[in-house]
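Please read the structure below before turning to the comments.
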Amino acid sequence: MSIAKTYSPTAAEDKWYSYWLKHNFFRSVPDHREPYTIVIPPPNVTGVLHMGHMLNNTIQDVLIRRARMKGKNACWVPGTDHASIATEAKVVAMLKERGINKKDLSREEFLSYAWEWKEKYGGIILEQLKKLGASCDWERTKFTMDEDMSESVIDYFVHLHKKGWIYRGVRMVNWDPQGKTAVSDEEVIRKEVNQKLYYIKYEVAGEEERGANEGRTSHNAQRTPSHLTIATTRPETIMADAAICINPHDERYTHLHGKSVFIPLINREIPVIMDEYVTMDFGTGCLKVTPAHDLNDYELGQKHKLQIIDILNDDATLNEKAQILVGEDRFIARKKIAVLLEEAGALEKTEDYTSQIGYSERTNAAIEPKLSMQWFCKMPELAKPALEYVLNGDVKLIPEKFINTYRHWMENVRDWNISRQLWWGQQIPAYYLPNGDFVVAKTKEEALTEAHKIDASLTIDQLSQDEDVLDTWFSSGLWPISVFDGVRNPDNAEINYYYPTNDLVTAPEILFFWVARMIMAGHELRETKPFTNVYLTGIVRDKLGRKMSKSLGNSPDPLDLIAKYGADGVRVGMLLCSPAGNDLMFDEKYCEQGSGFANKIWNAFKLVKGWEIDNSIAPKNSVAIEWFSSRFSQALVEIDSDFAQYRLSEALMTTYKLVWDDFCAWYLEMVKPAYQQGVEKQKIDAETYNATVAFFEDILKVLHPYMPFLTEELWHDELFGTRSELDCCIVAQLPTIGKINSQLVAEIEIVQQVVTQIRNTRNNNQLSPKEALPLAVKANSAINYNQYEPIIKQLGNVTELSKIDDAINGANSFIAGTDEFFVMLNIAVDKDAERERLKKELDYLIGFLKSVNAKLGNERFMANAKPEIIENELKKKADAEARLKIVEDNLRGLAG
RNA sequence: GGGAGUUUAGCUCAGCUGGUUCAGAGCAUCUGCCUUACAAGCAGAGGGUCACUGGUUCGAACCCAGUAACUCCCACCA
């Protein structure tokens, strides 16, 4: 049978993924084993796979596969998030295309469209994850609006309300005029924007015009101006002004105390008030107070009991209270009013100005501060214990640098606006009585019971449920609990087994949105943490360091990458460039490296596969076998320690080097049957064959978490014998750490140096690698070169290795460890070049010794350094001296 | 405005408790090889003022102070 020249991933990937599914290898049910649980950060149901998901889910899959192979009951719960505002926006847009206006639909009608949409387009992302190889327990797939999930959310709401931690009130909230809903503080993204600062003149009531000068520039009390000037970025809100505020200590304006002014264009009279809040040296020192459209102004308004005039509709167009420009969008109104003011002579000037504007995370619309009746969740009581978990190390953040950020947020958290004026989501379980009172209960029936305590005559039809739905994060905060039905049935077998989960892999930007809320809910409902480790990945950027985004078009389609490099190649590629907690500069070349690695393994497989056993050949590679076995165990130790610290990238690199360098470049080269002219096929002794196959199998296991498809494909080759249907790499147990012969490893390191030096000698003398050369060793160390002779011969293409007691004059020499080697060439040695080379080494050694001696001669070093450091220095000294002697001898030999 | 992080080879990153003349890895580059698993390969080689300035120390990439650049988070100055 012929083996393909290169590995082609596509067929293998589909084949093995369905094989795994068919045999339920991803399935987890509680049993006697130790659980290892990850809940997926549920992607938006509307989402498509992007590079961030790729990174995130590759990491989770590596962790889950490794846990599975360590004998744990690995459970990875997948699912999607209903993402209320984002999804609702998509559905609204879809309806619009069909010529349907959301306004014309009832709630029920809209929701049925939304569900239809969800069934059709939702969850594409989960299918895409399968291409990546994600070994989720798909039978557990959850959606945050599944019936049981929604019930859990309602339960939690009722629970918090009972504790008095949920309240309703009119507050200034972040209003998204496009989504027509309030959003939480965390959903507002601030961006620096170039704006204009408009200087607008307000006429002062009862003042005579007495000069051309305006108030802001006048320091002359004699000349009382008839105007004052304010600076604002939002001229379209002047109609909502309730007052002008000045600082009481501002001497420029003492004459205005107790006065009132007229709003330009509409000539409404408003008072001038005083408050130290106003910064004297910003703008003109006069602040227009617009309580309905600015948070600070609102607070100022409360303090001074000002009237609230809301001139904006929900979609941020001006309403009739504005009197002018009614129906215009706020931004259009801004431009138009500037013109009107100009015409009225009320616009003194404009200046360019940059300031921070809030945008809705979901719709990207500029946020409008708006007063409205909303539901809030009190945070201090929830935040305090949630902070504790992280501070005392119960929940570990990886990397730790996020602890500070987390603490800062938790200590300064404000009450959370949890209501959204949307339909897609869990409707708030508050029921209003005809008199305006409300009761909170899980169902309308229960609500009626509650309501009867207020008014026994009420009927169920007289109750009306609150229209709003809950913030998506209110439900995703329950995710690790609700996927195991731990809210409704807090003592069920699943939650007791799987919870707390082990690792959470997510992006730092949702540390507060989500991670913190899960910790709060975990503590509140179960008095335990929801997970032990939170691995925070970086942002995937392009190689220029730009964040990958649709608008920049710099994000490759993950599925294209998989098609091009294979899922294994992409997985390896992602991890090769991903330091924990730092952003990663993604470049396709890493995927190329990944697929190149897959191909390397494939070729190594081809080599071994081609071997035939000849039982008449005596075992002759026991040294190589013991050596690789030791190296393998050393690598396992490193890999374990890397994983313990979540250094997945490093663990992968250790594996990469183990396979490429130790296994392929050294071990296989050591043991592979040498080329024999005229012999069609080389044969190999049974011991070597069996050991190599066993090594290969172990290597497949170690590689599996990173490269599940290739390893599974090879695993089932007859090279490894016949396997039962269920004997799969995915459920194989990782090799355990074996005996490490460190002396052997150290000695082979010398042997490797010898081989490299021989190759070098050939290179330097322009000899072909095919030219076999004789080698002599003058051993000063205790290394028994007899046992390494076959290796040196094979790898260095050496005809014979002779032991000598005296240096050979006229041969090319080199030192490995403390032993001298001589290569006999058929050409004359360039004595000058050789002398030069030795001289260089001599200088180095002299310098080296000098520094070591300086240290050893330093009293304070001897007094302060740890004993093992001193011991090490002494050894360095001895080694250097030995080498120095050899070099000196050789130099003398050259001279003589 | 406040806070955090980063800065080491052309690129992406290691460098753990300060202790080899310590400056590393992978990729890329250069040179030579189509050697019977692999040219997606093999064998070699070059490449760095550890951002900068001071300090502590017998000894600093590592600790301290300051400076600069970049990144992120938080924050209501119109």
Side-chain angles (χ1 to χ4, degrees), chain A residues 3 5-7 172 190 197 230-234 245 277-279 282-284 286-290 294-299 353 355-356 358 369 399 401-402 404-405 408-409 412 508-509 511-512 538-539 541 543 545 576-579 581-587 589-590 592-593 595-610 641 645 647 649-650 653 656-657 660 664-665 668-669 672 675 680-682 756 759-760 762-764 766 768-770 797 844-845 847-852 854-855 858-866 868-870 872-873 875-876 879-880:
Chain A
I3 308 166
K5 193 171 159 58
T6 51
Y7 169 60
M172 189 64 94
R190 288 176 187 280
L197 202 52
I230 58 98
T232 179
T233 54
R234 302 207 60 191
C245 189
Y277 166 76
V278 178
T279 315
F282 185 90
T284 63
C286 295
L287 172 71
K288 79 189 210 38
V289 185
T290 321
D294 185 280
L295 180 58
N296 301 303
D297 291 11
Y298 172 71
E299 279 161 11
Y353 182 70
S355 68
Q356 302 269 324
K401 65 175 179 185
F402 288 108
N404 277 334
T405 328
H408 183 261
W409 192 79
N412 295 286
E509 57 255 47
L511 189 55
F512 312 128
I539 298 167
R541 298 172 177 277
K543 59 181 166 185
L576 278 175
C577 58
S578 66
N582 278 330
D583 291 355
L584 67 99
M585 309 298 160
F586 179 79
D587 188 333
K589 74 176 187 191
Y590 294 108
E592 211 176 306
Q593 193 182 345
S595 68
F597 185 40
N599 200 45
K600 181 74 185 176
I601 298 160
W602 180 259
N603 279 302
F605 163 77
K606 261 168 60 184
L607 172 70
V608 178
K609 175 92 171 151
S641 128
Q645 297 166 77
R647 306 169 111 179
S649 213
E650 305 240 330
M653 190 43 75
Y656 183 91
K657 287 192 278 192
W660 203 303
C664 293
L668 287 180
E669 293 297 334
K672 83 177 181 190
Y675 171 70
E680 217 172 86
K681 201 165 207 175
Q682 284 50 251
T756 302
R759 288 166 175 170
N760 249 333
R762 263 200 204 87
N763 249 349
N764 293 340
Q766 283 152 9
S768 157
K770 286 179 205 163
N797 195 14
Y844 170 87
L845 285 169
F848 181 81
L849 261 178
K850 207 175 142 193
S851 88
V852 174
K855 252 187 223 180
N858 184 323
E859 276 173 42
R860 305 184 70 166
F861 171 75
M862 297 304 280
N864 295 328
K866 280 177 272 186
E868 58 267 31
I869 301 286
I870 293 176
N872 197 23
E873 291 297 316
K875 186 177 176 298
K876 269 156 61 180
D879 286 355

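Chain naming here is simple, since letters A, B, ... match the order of the sequence lines and numbering starts at 1 in each.
- Distances shorter than 4.0 Å separate none of the side-chain N or O atoms of A:Ser355 from OP1 or OP2 on B:C77.
- Within the nucleic acid shown, A:Leu287 comes within 4.0 Å of at least one base atom, counting heavy atoms only.
- Spacing between atom NZ of A:Lys606 and atom P of B:C38 amounts to 6 Å, rounded to whole angstrom units.
- Here A:Tyr7 does not reach the OP1 or OP2 of B:A40: none of its side-chain N or O atoms lies under 4.0 Å away.
- Side-chain nitrogen and oxygen atoms of A:Tyr277 include none within less than 4.0 Å of the OP1 or OP2 phosphate oxygen of B:A78.
- If you check every strand for non-hydrogen atoms under 4.0 Å, A:Phe605 touches nothing.
- Looking at heavy-atom distances under 4.0 Å, A:Asn864 makes contact with a base.
- Here A:Lys875 lies out of heavy-atom contact (under 4.0 Å) with every strand.
- When both pairing distances are held under 3.5 Å, B:C63 makes a Watson-Crick or G-U pair with B:G55.
- Applying the 4.0 Å criterion to OP1 and OP2 of B:U21, one finds that A:Lys876 has a side-chain N or O inside that range.
- The residue A:Tyr353 sits close only to the backbone: its heavy atoms come under 4.0 Å of sugar-phosphate atoms, none of a base.
- A:Trp602 places its CH2 atom 15 Å from the C1' atom of B:A40, with the value rounded to the nearest Å.
- Close to B:A78, at under 4.0 Å from its OP1 or OP2, lies no side-chain N or O of A:Thr233.
- B:G1: Watson-Crick or G-U partner is B:C74, with both key distances under 3.5 Å.
- B:G41 is paired with B:C33 under the Watson-Crick or G-U wobble criterion, all donor-acceptor distances under 3.5 Å.
- Among the heavy atoms of the strands lying under 4.0 Å from A:Cys664 is at least one base atom, whether or not backbone atoms are also near.
- At a threshold of 4.0 angstrom between heavy atoms, the contacts of A:Ser768 with the nucleic acid are absent.
- Counting any heavy atom pair closer than 4.0 Å across all strands shown, A:Tyr844 reaches a base atom.
- Residue A:Lys5 places no side-chain N or O under 4.0 Å from the OP1 or OP2 atom of B:A40.
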